[in-house]
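So the structure is just underneath, and the comments pick up after that.
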Amino acid sequence: MWSYIKSLEFPVKIKCPDARAAKIIISQYGGPDGELGASLRYLSQRFAMPCPEAVGILNDVGTEELAHLEMVGSIVYQLTRNLSEEQIKAAGLDAYFVDHGLGVYPQAAAGVPFNAMAIASKGDPITDLHENLAAEGTVLYAQTYC
Amino acid sequence: MNDKERLLTRVRVAFFKLTEASLFLDTHPTDSKALAYMEAACREFEEAKAAYAEYCGPLTLCDGVGKDCWNWIAAPWPWQMEV
């Protein structure tokens with residue numbers, strides 16, 4: 001069970017819309033290494049963890065990933081506010097726009113809708129924790145390219 | 001930074017402290033320094049949340065009770081630029 005706090009974990013205030021940046025950052029929302037995948041990964045894996053420390057940390061990190069998801073969604077929303085047709089076309093956001101308008105949709109930067117194939121939940125703690133190490137390693141790419 | 005932003009920043013800072021401390025405690029449940037830090041952060045969060053709710057609006061469902069109007073749904077929501 002969760003309850004909502006009506007605040008972002010860290011404030012997001014983007015004054016200048018930037019469709020080109022939104023096209024890349026959307027991947028951190030619903031891409032293979034995005035926050036949606038991260039939260040589902042940890043919140044699904046926690047059921048099979050064998051000790052209280054592992055259950056607790058996956059439960060609580062998974063919860064925090066949902067707060068990250070909300071911040072990234074806010075970034076995409078604010079980057080695409082009030083864009084004109086010309087701005088959408090010039091930035092190459094028209095392919096996204098024809099399917100989703102300016103709605104925030106969980107997809108990878110290349111347009112692939114969110115896919116749970118990018119995460120694992122095997123019921124084996126060692127396997128799952130190794131997958132988590134690999135997943136956290138992808139943060140470097142997000143920091144470099146977003 | 002106006003008063004509302006200042007009050008909300010206090011809430012965020014306290015919540016960040018207690019979130020990080022709780023993750024540490026998940027794997028170090030008897031660390032006395034961390035336990036004390038967590039307790040202080042929780043107190044700070046409750047105080048900051050109550051101060052924000054009194055002047056600016058609810059942060060949690062229960063902050064919104066006791067009024068003539070259910071102001072939970074009132075803007076701004078967190079992703080709207082005003083907050």
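Chain A is the first sequence line, chain B the second, and so forth, proteins listed ahead of strands; every chain is numbered from 1.
Using a 4.5 Å cut-off between heavy atoms, Thr19(B) contacts chain A through its side chain alone, with no backbone atom that close. For Glu9(A), the parts lying under 4.5 angstrom from a heavy atom of chain B are both the backbone and the side chain. For chain B, the nearby parts of Tyr4(A) are the backbone and the side chain; heavy atoms of each come within less than 4.5 Å.
The candidate from Leu25(B), Leu23(B), Asp26(B) with the greatest count of non-hydrogen atom pairs under 4.5 Å with chain A is Asp26(B).
The shortest side-chain heavy-atom distance between Leu129(A) and Leu133(A) does not fall under the 4.5 Å cut-off.
One finds the NZ atom of Lys122(A) at 10.0 Å from the CD atom of Glu131(A) (value rounded to the nearest 0.5 Å).
A salt bridge is absent between Arg43(B) and Glu47(B); no separation between the charged side-chain nitrogens and carboxylate oxygens falls under 4.0 Å.
The aromatic rings of Trp79(B) and Trp77(B) lie parallel to each other, their planes meeting at an angle below 30°, with 60° marking the opposite boundary.
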